[in-house]
There are 2 protein chains.
Amino acid sequence: MIQSLARGLEILDLLANAENGIGITEFAQHLGVDKSSASRLLQTLASYGYAEQNADTRRYVLGTRVLALSNSVLRRIPLRDTAHPVLRQLTYMTGECSHIAILSQGKALYIDQVESPSILRVETEIGTLSPLHCTALGKVLIAFNQLGVPESLKAYTPKTMTDPVQLKLHMELVYRQGYAVDDEEHVLGVRCIAAPVFDHRGRVAGAVGISGPIGRMPNDGVPKLAGMVMELANDLSRRLGNTSAT
Amino acid sequence: MIQSLARGLEILDLLANAENGIGITEFAQHLGVDKSSASRLLQTLASYGYAEQNADTRRYVLGTRVLALSNSVLRRIPLRDTAHPVLRQLTYMTGECSHIAILSQGKALYIDQVESPSILRVETEIGTLSPLHCTALGKVLIAFNQLGVPESLKAYTPKTMTDPVQLKLHMELVYRQGYAVDDEEHVLGVRCIAAPVFDHRGRVAGAVGISGPIGRMPNDGVPKLAGMVMELANDLSRRLGNTSAT
DNA sequence: TTGAAAGGTTGTATAATATGCAACACAGTT
DNA sequence: AACTGTGTTGCATATTATACAACCTTTCAA
């Protein structure tokens with residue numbers, strides 16, 4: 001582990017979560033180093049375009065260099081290109097925000113998303129890593145990848161399932177019915193429905209789903225919406241060359 | 001300048017341009033360090049999610065962590081959200097790929113893009129930094145920001161303007177007619193048309209434009225297409241609160 | 001099966017370098 | 001004018017990154 005590189009990467013993390021830039025003194029406090037060291041780290045980041053210093057406020061923000069990096073990552077995920085039109089169709093049919101995620105580092109990585117036309121909508125950012133046990137997409141990834149259930153399950157809302165045994169049973173239900181529902185288990189007021197996507201070799205390529213406010217997605221409306229999600233997920237599997245998709 | 005951080009950032013640059021991952025030995029050669037050092041640098045990057053090692057090939061690729069970074073950058077550019085529907089409209093009207101760029105570090109930074117529905121299309125990646133003097137978007141940014149023309153102008157194709165005096169005159173033409181054309185000056189076979197976007201204070205917010213193969217964008221078709229581009233650019237200016245936009 | 005080659009990781013002494021301290025510069029406040 | 005908060009630079013020192021070497025694993029050919 002190389003310390004100064006690690007510090008630089010921590011600075012990038014800090015910058016990613018900062019709205020209005022960060023000053024040198026703040027960096028120094030967060031990292032537990034002298035402000036002179038922080039200053040030099042930021043100079044290095046800036047010289048490579050990974051940070052930019054506002055000439056007036058002298059505060060630093062993320063540099064535009066990182067945009068080039070994300071293109072490189074997204075290019076690695078061919079599923080994304082195939083999925084986008086399917087997501088558009090899914091949002092068109094359901095009126096809700098749709099997204100697609102893959103398994104990455106034991107989390108659900110959102111790789112693409114299409115926004116709902118409605119004013120009241122769920123915003124999800126591409127690149128977000130979400131927990132598996134309390135999201136519809138995540139549950140699908142667990143159930144169809146036959147993953148084990150983690151020991152400790154963090155509660156995000158009062159509705160989050162925190163009992164591994166209960167979750168295990170729930171995963172079997174998901175597997176049987178072919179889709180998963182997140183019932184305000186991750187964010188209060190938001191319900192999600194997701195279904196698996198399979199590649200040409202029959203392996204789980206990812207999961208597609210929709211999310212919306214509970215008001216628009218009542219309990220008795222779930223089966224119909226789940227049908228649409230599964231239909232489009234199946235459509236995507238077919239586009240990926242999966243022959244068992246109908 | 002902190003050396004080991006700089007090396008780490010250079011590794012990110014290498015990874016961004018690699019298609020199939022890079023091995024430790026290659027890194028060591030590129031950086032001019034021992035492979036043990038390269039190994040430790042990559043371990044650090046991997047532990048923060050900025051690099052990922054393929055378990056089979058042991059080669060490294062960029063980590064998904066960078067996606068979160070780029071979201072942060074794009075959030076800083078509110079123009080992008082406003083622009084996207086306008087770009088869609090522009091692509092719908094012209095059938096060509098449309099994009100929007102802002103001035104950043106003396107270059108044109110592409111912040112959004114909508115692809116042409118046609119098979120034959122110009123691919124542009126978000127985050128790309130393009131030269132100003134030989135792109136339509138760049139020319140617009142020079143002309144309407146009243147920027148000086150650089151001394152030395154790199155030739156990308158035989159059609160690139162390399163004479164500063166000639167370019168200066170050309171900028172005056174762009175300013176008068178309200179749009180710029182890139183006539184295979186950056187990439188052979190590709191013609192682009194761009195127009196400026198102004199914010200609520202009347203300042204240049206960016207430039208929008210279209211690009212397509214010369215076959216679909218003949219010389220005598222340029223004025224009509226330029227009219228559409230200017231119309232949509234004007235539309236975007238109005239959405240940004242620019243009152244002088246009609 | 002054996003041997004060699006290529007690529008990656010880990011231990012360690014040393015030399016390079018990142019660090020904290022202090023001084024300085026600058027802007028905004030009292 | 002003095003003060004306070006913030007960022008940058010010079011410098012001696014102690015930390016740490018580095019190269020070297022040994023070791024491990026996989027691949028490929030004899």
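Letters A, B, ... are given to chains in the order of the sequence lines, protein chains preceding strands, and every chain is numbered from 1.
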Ile24(A) CD1 to dA25(C) P, in whole Å, measures 19 Å

To the nearest 0.5 Å, what is the distance between CG (Leu67(B)) and CD (Glu125(A))?
11.0 Å

Roughly, in whole Å, what's the span from CD1 in Ile2(B) to P in dG20(C)?
10 Å

Return the OG1 to CZ distance between Thr82(A) and Arg239(A), rounded to the nearest 0.5 Å.
8.0 Å

Counting only N and O atoms by type, is there a donor-acceptor contact under 3.5 Å from the side chain of Ser98(A) to the main-chain atoms of Leu87(A)?
yes

Given dT9(C), dT18(D), dT8(D), which nucleotide is nearest the side-chain atoms of Ser39(A)?
dT8(D)

Measure from CG on Leu31(A) to P on dA18(C) and round the result to the nearest Å.
15 Å

Just call it for Glu26(B): base, sugar-phosphate, or nothing, with non-hydrogen atoms closer than 4.0 Å on any strand.
nothing

Whole-Å distance, Leu42(B) CG to dG7(C) P, equals 15 Å

Side chain of Arg58(B) only, please: which of dT19(C), dT8(D), dT9(C) is the nearest?
dT9(C)

Distance check: side-chain N/O of Ser36(A) vs OP1/OP2 of dT19(C), anything under 4.0 Å?
no

Ignoring hydrogens, what is the shortest heavy-atom contact between His186(B) and Tyr156(B)? Give both atom names and the distance.
O-CB, 3.5 Å

Check: Arg40(A) side chain, dG20(C) base, donor-acceptor under 3.5 Å
yes

Considering only heavy side-chain atoms of Ser37(B), the closest of dT10(C), dT9(D), dA19(D) is dA19(D)

When you check the phosphate oxygens OP1 and OP2 of dG5(D), does a side-chain N or O of Thr25(A) lie under 4.0 Å from one of them?
no

Would you call the rings of Phe144(A) and Phe198(A) parallel, tilted or perpendicular if under 30° counts as parallel and over 60° as perpendicular?
perpendicular

Answer with base, sugar-phosphate or nothing: what part of the nucleic acid does Arg7(A) contact at a heavy-atom distance below 4.0 Å?
sugar-phosphate

Rounded to whole angstrom units, what separation is found between the CG atom of Leu41(A) and the P atom of dG7(D)?
14 Å

Nucleotide nearest Lys35(B) (side chain, heavy atoms from C-beta), chosen from dT16(D), dG7(C), dT18(D):
dG7(C)

Between Thr57(A) and Gln3(A), name the one whose nearest nucleotide on DNA chain D is closer to the 5' end.
Thr57(A)

Arg59(A) CZ - dT8(D) C1' separation (whole Å)
17 Å

What nucleic acid atoms does Phe27(A) come within less than 4.0 Å of, heavy atoms only: base, sugar-phosphate, or nothing?
nothing

In whole angstroms, how far is the P atom of dT10(C) from the CE atom of Met1(A)?
12 Å

Take a 6.0 Å sphere around OH of Tyr48(B) and say whether it holds more than 12 heavy atoms from other residues, nucleotides or ligands.
yes

Does dT9(D) have its OP1 or OP2 closer than 4.0 Å to a side-chain nitrogen or oxygen of Gln43(A)?
yes

Please tell me if Gln53(A) has a side-chain N or O lying less than 4.0 Å from either OP1 or OP2 of dT6(D).
no

Check the distance between dT26(D)'s P and Asp56(B)'s CG and give it to me in whole angstrom.
11 Å

